[in-house]
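After the structure tokens below, expect a handful of questions from me.
Treat the numbers as computed from the prediction; the structure is a model and nothing was measured. Proteins come first, then strands; the chains are lettered A, B, ... in the order of their sequence lines, and each starts at number 1.
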Amino acid sequence: YGVTLPGWKKNKLTYRIVNYTPDMSKEDVDKAIQKALKVWSTVTPLIFTRIREGVADIMIAFGTKAHGHCPRYFDGPLGVLAHAFPPGNGFGGDAHFDEDEDWTTGSAGFNLFLVAAHEFGHALGLSHSNDQRALMFPNYAYVSPSEFPLSPDDINGIQSIYGSRPNAPDKRPATPTSPKTCDSQISFDAITTLRREIIFLKGRHLWRVYPGNSEVELELISAFWPTLPPGIQAAYENTKDQILFFKGNKFWVISGYRVLLGYPKNINTLGFPKGVKKIDAAVCNKDTGKTDFFIGDKYWRYDENSQSMETGYPRRTVNDFPGISQKVDAVFQQKGFFYFFHGSKQWEFDPTVKKVIREIKSSSWFNC
Amino acid sequence: SNALPIHPEKHNNEEDEKLVQDYLNQFYTVEPDPKQLGWKTHDESTAEKLQKMQQFFGLKVTGKPDPATLEMMKKPRCGVPDVGL
């Protein structure tokens, strides 16, 4: 974390919402601002009181391009979303939001609550953090608002200026913690290759593994693909350098770092019957151009060339993949072998001889 | 007219160059402190600023606007500078 000293010399601060965005109801804007301030008051002695007239410590306004006497300007849609000024008089403590953005309460556009919470970090004396999981990281990353957005890095930063909340039993909402990479019991929601990398997904996070060297990187899924939800259930790389991600009855297609327009779509557009509600795991066999979708104890086969489901499916997984008798959490193909994951175990399967070669711990790819 | 068509790759390079300059000027240029006395530090070169930005974002520190760096610069973000505060 980084700080701009000094912070405010008082714990009771006032804020005023000077104007509104037409993108959201006034009530939703009020709620988003109040909730964004509460993020910081939950972990410090700070108390925020709203005023409706005059000059508050934190003046909150929406503007476009050059706005008022502000020394900084906005740049139209995307790019810079908002800015704020460190504690002080005049512009000190003020937060401005670019009205050319699409402000929302959800994951579409830019979530006002999340952006406001970040800007109020500046208004209280924090500068940017290079910790990608921190709220004070400069780039926008969508996190479900139902989760507490402050990382340990953010909390350490703000408490280095104001201290922690006095006498509060540590009722702090659980801060999102990162999964332990070398947890021997680790399991995965989904796994896919991405060109020469292997991507392991779990909750809000993903690990990037470069086979052949010891590098394992833990990232937030939303740092790469802001519009993807956490809790992806299946993923696979097809034959067109694209990745498909599945959650519930929806799927997204990613090309490079971009989610293709028109997604998410319903999985029945792939040919699944209405009764199929989710996908457990999927893998595309690069040698045959066929993708297997595993659901419960059965699997479907999809032909990537004809873009259609093959007839005669579903079939029982264990009949065609002897030894793979448990629900498949995740599966991917590497150097011709399939790696099936269930809980903390994985099975290396040779599709040419249709045999399990060996059983391994799921964490074996992380060089623990 | 007989004007030569702009070569798309050249056009892209110019766009990328402007993106890099705007980004570094906005987020990686330390605003001079009017109250500073004595020697002023030298103005950083574009490569030095790029290295600082790449270091901050955990990218490979090349000092060159490689694709990963350009991709990072295109992400929506906060308008507060990353340095100098």
Side-chain angles (χ1 to χ4, degrees), chain A residues 2-5 63 67 70-75 77-87 95-98 100-102 109-111 114-123 125-132 135-142 217-219 222-226 256-258, chain B residues 8-9 11-36 41 44 46-85:
Chain A
V3 292
T4 56
L5 292 175
H67 46 282
C70 178
R72 293 190 192 128
Y73 55 90
F74 288 133
D75 54 358
L78 301 177
V80 170
L81 305 179
H83 52 227
F85 297 87
H96 301 163
F97 299 84
D98 186 348
D100 281 330
E101 310 301 346
D102 176 24
F110 296 102
N111 185 283
L114 287 174
V115 176
H118 173 99
E119 298 308 328
F120 294 154
H122 290 311
L126 287 179
S127 55
H128 283 149
S129 163
N130 61 6
D131 179 343
Q132 290 202 25
L135 178 65
M136 293 314 292
F137 187 70
N139 291 356
Y140 176 81
Y142 176 74
E217 290 176 19
L218 175 67
E219 319 265 8
S222 54
F224 289 94
W225 304 300
Y257 289 103
R258 280 182 319 106
Chain B
E9 204 166 305
H11 179 67
N12 264 348
N13 279 345
E14 283 166 8
E15 265 181 25
D16 290 345
E17 216 170 295
K18 183 173 182 321
L19 168 69
V20 167
Q21 283 309 321
D22 286 351
Y23 193 93
L24 295 179
N25 287 341
Q26 189 163 5
F27 304 119
Y28 283 86
T29 301
V30 179
E31 285 145 8
D33 179 355
K35 288 188 250 122
Q36 182 178 346
T41 52
E44 285 179 314
T46 297
E48 284 169 326
K49 291 179 188 172
L50 258 179
Q51 283 175 343
K52 198 174 277 186
M53 177 262 178
Q54 285 162 338
Q55 201 150 30
F56 184 91
F57 282 100
L59 300 167
K60 276 196 178 66
V61 181
T62 61
K64 292 186 177 61
D66 50 58
T69 301
L70 291 173
E71 199 59 33
M72 188 64 83
M73 288 183 169
K74 289 170 186 167
K75 288 178 183 278
R77 57 159 291 159
C78 168
V80 173
D82 297 336
V83 294
L85 291 177

message: Is it true that A:His83 and A:His122 share a donor-acceptor pair across their side chains at a distance under 3.5 Å?
response: no
message: Given heavy-atom pairs under 4.5 angstrom as the criterion, report whether the side chain, backbone, both or neither of A:Phe110 touches chain B.
response: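 Contact with chain B involves the side chain of A:Phe110 alone.
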task: Check whether B:Met73 gets within reach of chain A through its side chain, its backbone, both or neither, counting any heavy atom under 4.5 Å.
output: neither
- prompt: Highest number of heavy-atom pairs under 4.5 Å with chain B: which of A:Ser129, A:Gly2, A:Pro77?
  reply: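 The answer is A:Ser129.
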statement: Under 4.5 Å to a heavy atom of chain B? For A:Glu217 that would be neither
task: With a 4.5 angstrom heavy-atom cut-off, could you sort out which part of A:Glu101 is near chain B: side chain, backbone, both or neither?
output: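 For A:Glu101, no heavy atom lies under 4.5 Å from chain B.
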Aromatic centroids of A:His67 and A:Tyr73 separated by under 6.0 Å: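 No, ring centres 6.0 Å or more apart.
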With A:Asp131 via salt bridge (charged side-chain N to carboxylate O under 4.0 Å, His left out) - residues at least two apart: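 Expected list: A:Arg133.
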query: side-chain hydrogen bond (donor to acceptor under 3.5 Å, both in side chains) with A:Tyr142: which residues, sequence neighbours excluded?
result: none
Pairwise side-chain contact, A:Phe85 with A:Arg72, heavy-atom cut-off 4.5 Å (strictly under):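 Yes - at least one pair of side-chain heavy atoms lies under 4.5 Å apart.
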